[in-house]
Amino acid sequence: MQKQNTKYIFVLGGVMSGIGKGVATSSIGKIIQANGYKVTVMKIDPYVNVDAGTMNPTEHGEVFVMESGLETDQDMGNYERFLDITLPPENYMTTGSVYRTVIERERNLEYKGKCVQIIPHVTNEVINKIKEAGRKTKADVVIIEIGGTTGDYENQLFTEAARQMNLRCPGDTLFVMLSFIPYPKKIGEMKTKPTQQAVRLLNSAGVQPDIIIARSERKIDDKRKEKIALFCNVEPEAVISAPDVESIYDVPLNFEKDGFGKVILKKLGLKNGAKTDFNGWGKFVKKVHQAKKKIKIGVVGKYFNTGDCVLSDSYISVIEAIKHASYNNDVVPEIDWIDAEMFEKDKRNIEMLKQYDGIIVPGGFGSRGIEGIISAIKYARENKTPYLGLCYGMQLMVIEFARNVVGLKNAHTTEIKPRAKYKIIDLMEKQKANLRQGIYGATMRLGAYPCTIKAGTTAAKAYGKSKISERHRHRYEVNNKYIKKLEKAGLIFSGTSPNKKLMEIAELPKSKHPFMLGSQFHPEFTSSPLHPNSLFNEFVKSIKK
Ligand code: GLN
C-alpha cells in the first residue's frame, strides 16, 4: 500500500488567549493517535527569544526542558504528557530561532546574492522546519500550534507560512481555530460575534478555518453552531463545542463526544479506527473522578505577589506529576503554595507545616527565601514528613544535612555565597568559564543524562531498575570534596552519573526517614497520566502509608 502524504493541521487562536489552546491541540493529537495514526505536535512561539531558556517563568510560564536539552514553552509538556511521546527539538520554533537560521544562511552566501526577504525566504524557512519535524518523527499527521491570537502582529509570519503550505500541499493541510464564545449573564445568551470577526480577520490573511472549536462556559447549542457555521463558512458538524471542564484530562473525551474524531479524519481523508478507551486514557480519567481520599502537599518556594494562576503556570509539570502519581494511587492531591519567606520572618511559622502529608521543594534560582526553604527541609527531616526535592530542592536538602547533621556551620551553595567556607554545592568547571564570559543562553547542564542507581535504596525501589535517564537544567552540583563526610553522616547518594563523578540523587535511609529524597534532575518532565514518574509515584505511596 502506498504511504499517505503527511498531513498538517494548523491550530490558531481566535478572540483571545488563555483559553486552553495547548490542551486543545494536545487533545486533537490524542484523538488522531487513538485512531491508530502516528502523530507529532509542534509549537510555534512568536517571540524573538531564540528559545524559552531566558524567559522568566512568572511571566511566560514554566520553561519545559526537552530530552535534547532545548528549553521550550510549557505547551511542549502538554503534548508529551497527553500523547505519551518524546518530542525532538525540531518540534519547537520561535521567531528568533527562524531568523537566526536565515541570517546564518545569508552570512554563508547561501542565498547567492539575492535580496533576502520575509516572503519568501523567512516563510520558506518556517515551512522547511515544519516539514523537517514531520520527516524526523515519521509522523502521519503533524499538528502545529501557532502561539498568540489571530491578528497579533507577532504571529503574521507564521500564519502566512501556513497559508503558503496550504497552497503547496492541497488536500493535506487543515486549519482549526480555537475561539471563545462569551456568555454575558445579563444578556443571558451566548454570543458568536467575536468568533465571526476573528474568522474574518483570519480570512483577510488568506486562511479559512476548516474546523472551529468553540470554547465557552457551557456547551453550545445547535442554534449557535448553525450560526457560527453560516457566518464563518464551515459545516455545522465542524463546529465543536468545548465547554469548561473539571479536569483537563476530560478534554479529548469531550471532543470525541461531539464527533470531533469523525469530522477531522474525514477532512484529512483518513480512515476511522477509534479505540473507545483511547488506549487507557479513559481508565485514568475515571480514576480522576472517582478518587476521594485527599492528601495535602505543601510546595515550598519563593513566591511573592504572584496569584495562584501564575504559579500554576510556572510549575505546571510539577503539578501535573503530582496529579499523575496521586490519581494512579487513588488519592486526590490538594496543593498549597507556601512562601518560604514567612519562615524567615518568624521561626514559629514553621509549625504550619504540620498540616501537610508531604513537602516538595521545586527547582529555582537565586537567594530569596532560601533560609526559609532550608528551615522547611529541616522540619521535614526531623518530623519524618515525606519530602521530595527537585534540583534546587535537592541541593538545599544536602546543604541542610551538611549544616545540621554533619555540623558544617554555614555550609552553602556558591550560587548564593561565592565565598562560603563549606562550598557544599559548587559550579562545574565548564560553567565557571560560561559565567565569566557572560554566556547565559542554553549553557546550563540541559536535557537527558543517564544515571546509575544504587541497589537497595529508595531510588532503586522507585525505579525498579539500575539504569535510568532523566532531564536536567542546572549549573551547580554537589561538591565531590564533601561526599565522604556526607556519606559518613548517613546521607546516601543513590543515583550518580555512570562515571560516579556527579551526584544525581540524595536520600536518607528508610531506617531514618520514610521518604526523604532529592534529585539533581527534574523528574517532573518525564511524567504522564499513563506513566507517572517513578519518584513522584514513590513519594505519594509513602504518603499513603
Ligand atoms: N539554581 C540551581 C542551579 O543552577 C538549581 C537550578 C534548578 O533548580 N533548576 O544549579
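Sequence positions, counted from 1, serve as the residue numbers for this chain. Each ligand, and each atom within it, is numbered from 1 in the order the structure gives.
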- Message: Determine whether a donor-acceptor pair (N or O, by modelled atom type, separation under 3.5 Å) exists between the side chain of E507 and the backbone of A459.
- Response: yes
- Mind telling me whether F82 and W281 have parallel, tilted or perpendicular rings, with 30° and 60° as the class edges? tilted
- Task: Apply side-chain hydrogen bond (donor to acceptor under 3.5 Å, both in side chains) to the pair D336 and Y356, showing each step before the final yes or no.
- Result: CA-CA 9 Å; D336 277 351; Y356 294 102; 2.6 Å; yes
- Item | Proximal protein residues to ligand 1, non-hydrogen atoms under 4.0 angstrom | G363, G364, F365, C391, Y392, Q395, E415, R473, H474, R475, Y476, H522
- Task: Before accepting this row, confirm whether a basic side-chain N of the pair E382/K378 lies closer than 4.0 Å to the acidic partner's carboxylate O.
- Result: yes
- Message: Checking H513 against Y387 for the ring pair (Phe, Tyr, Trp, His ring centres under 6.0 Å) test, could you report, in this order, the C-alpha distance in whole Å, the side-chain angles of both residues, the deciding distance, and whether it holds?
- Response: CA-CA 9 Å; H513 198 289; Y387 172 85; 8.3 Å; no
- Query: Hey, is the main chain of G441 close enough, under 3.5 Å, to the side chain of T54 for a donor-acceptor pair?
  - Reply: no
